[in-house]
Amino acid sequence: MSDERPEPYELQPEGDFVGVPDGFQRTWVPHRMAYLDAPGTPHRSERHECVFCAAPAKSDEDALIVHRGEHCYVVMNLYPYNTGHLLVCPYRHIATYDLATDDEVLEMAHLTQRAMHVLRYQGGVAGFNIGMNQGEVAGAGIAGHLHQHIVPRWPYDANFMPIIARTKPMPRLLGDQRAEIAERWDAD
């Protein structure tokens with residue numbers, strides 16, 4: 001086992017770990033600690049504060065918020081499926097789309113359109129996956145607070161790494177992406 005600490009975002013071979021190798025390599029992503037250490041995570045607090053309710057009280061940089069609207073805001077996903085993965089969240093703590101007001105639904109739609117425009121312009125995006133998982137059984141990671149995913153897609157963006165190496169490479173840091181997307185948001 002190496003005595004040197006791996007550089008952030010450097011793959012560490014599974015054989016370097018103590019114990020029985022599990023077939024996974026590790027890529028170090030320290031920015032995710034902001035999510036893991038959030039007051040709402042069960043292992044950190046008994047208050048179980050919702051991360052989507054807590055985010056607007058932070059600075060845009062700290063919460064990775066791209067844009068704040070009247071009823072909803074746009075934030076970077078801490079566990080992105082792809083580079084530029086955004087979430088549109090109402091400020092109000094509601095679990096499902098049918099509980100949203102007309103104003104929230106309209107603003108979510110407009111913010112989704114704007115996000116698509118910005119991502120397409122900024123990153124040469126060829127397509128999008130847009131959707132909501134509502135309820136734990138439907139795959140919602142944070143089932144208590146409605147949020148819509150906007151996942152940019154490019155030709156050949158699903159490469160061999162997740163299948164063979166069980167690693168999802170993310171070529172851009174979240175903070176850098178947030179700054180660029182936020183700057184472009186009000187550009188035109």
Pairs of donor and acceptor atoms involving the side chains of residues 123-138, under 3.5 Å and at least two apart or interchain, shall be tabulated with distances.
from, atom 1, to, atom 2, distance (Å)
Asn129, OD1, Arg153, NH1, 2.8
Gln134, OE1, Tyr97, N, 2.9

Next on the checklist: Heavy-atom count check: over 12 atoms from other residues, nucleotides or ligands less than 6.0 Å from Glu61 CD?
Outcome noted: yes
Checklist entry - Any side-chain heavy-atom pair from Arg92 and Leu146 closer than 4.5 angstrom? => result no
Checklist entry - Do you know which two heavy atoms are closest between His145 and Pro90, and how far apart they sit? => result NE2-O, 2.7 Å
Checklist entry - Shortest non-hydrogen contact from Cys72 to Met108? => result SG-CG, 3.5 Å
Next on the checklist: Does His147 form a ring-ring contact (aromatic ring centres under 6.0 Å, His included) with Phe52? I'd like the steps, not just the answer.
Outcome noted: CA-CA 9 Å; His147 56 284; Phe52 292 141; 4.8 Å; yes
Item to check | Donor-acceptor under 3.5 Å (Glu107 side chain, Glu70 main chain) | outcome: yes
Checklist entry - Side chains of Thr83 and Gln177: do they bring a donor and an acceptor to under 3.5 Å? => result no
Next on the checklist: If you count heavy atoms of other groups shown closer than 6.0 angstrom to CG of Asp176, is the number above 12?
Outcome noted: yes
Checklist outcome for this item: CG of Leu87 to OH of Tyr79, rounded to nearest 0.5 Å, is 12.5 Å
Checklist entry - Where is the tightest heavy-atom contact between Ala95 and Leu99, given as atom of each residue plus distance? => result N-CD1, 4.2 Å
Item to check | Within-4.5 Å side-chain heavy-atom neighbours: Lys58 and Ile65 | outcome: no
Checklist entry - Between Asn82 and Pro152, is there a donor-acceptor pair closer than 3.5 Å when you use the side chain of the first and the backbone of the second? => result yes
Next on the checklist: Quick check against the 3.5 Å criterion: does His93 have a side-chain atom that pairs as donor or acceptor with the backbone of Gly144?
Outcome noted: yes
Checklist entry - Do the non-hydrogen side-chain atoms of Leu111 and Tyr73 ever get within less than 4.5 Å of each other? => result no
Checklist entry - What class does the angle between the rings of Tyr81 and His149 fall in, given that below 30° is parallel, 30 to 60° is tilted and above 60° is perpendicular? => result parallel
Item to check | 4.5 Å side-chain heavy-atom contact, Arg68 and Tyr91 | outcome: yes
Next on the checklist: Between Asp103 and Thr101, is there a side-chain donor-acceptor contact under 3.5 Å, judged purely by atom types and distance?
Outcome noted: no
Checklist entry - What distance separates Trp185 CH2 from Glu180 CD, expressed to the nearest 0.5 Å? => result 15.0 Å
Item to check | Trace of the side chain to side chain contact (heavy atoms under 4.5 Å, CB included) decision for Asp186 with His67 | outcome: CA-CA 9 Å; Asp186 296 317; His67 176 80; 4.3 Å; yes
Item to check | Closest approach of His85 to Pro80 (non-hydrogen atoms, all atoms of both residues) | outcome: ND1-CA, 3.5 Å
Next on the checklist: Name the residue from Val75, Leu64, Val74 that meets the side chain to side chain contact (heavy atoms under 4.5 Å, CB included) definition with Leu86.
Outcome noted: Val74
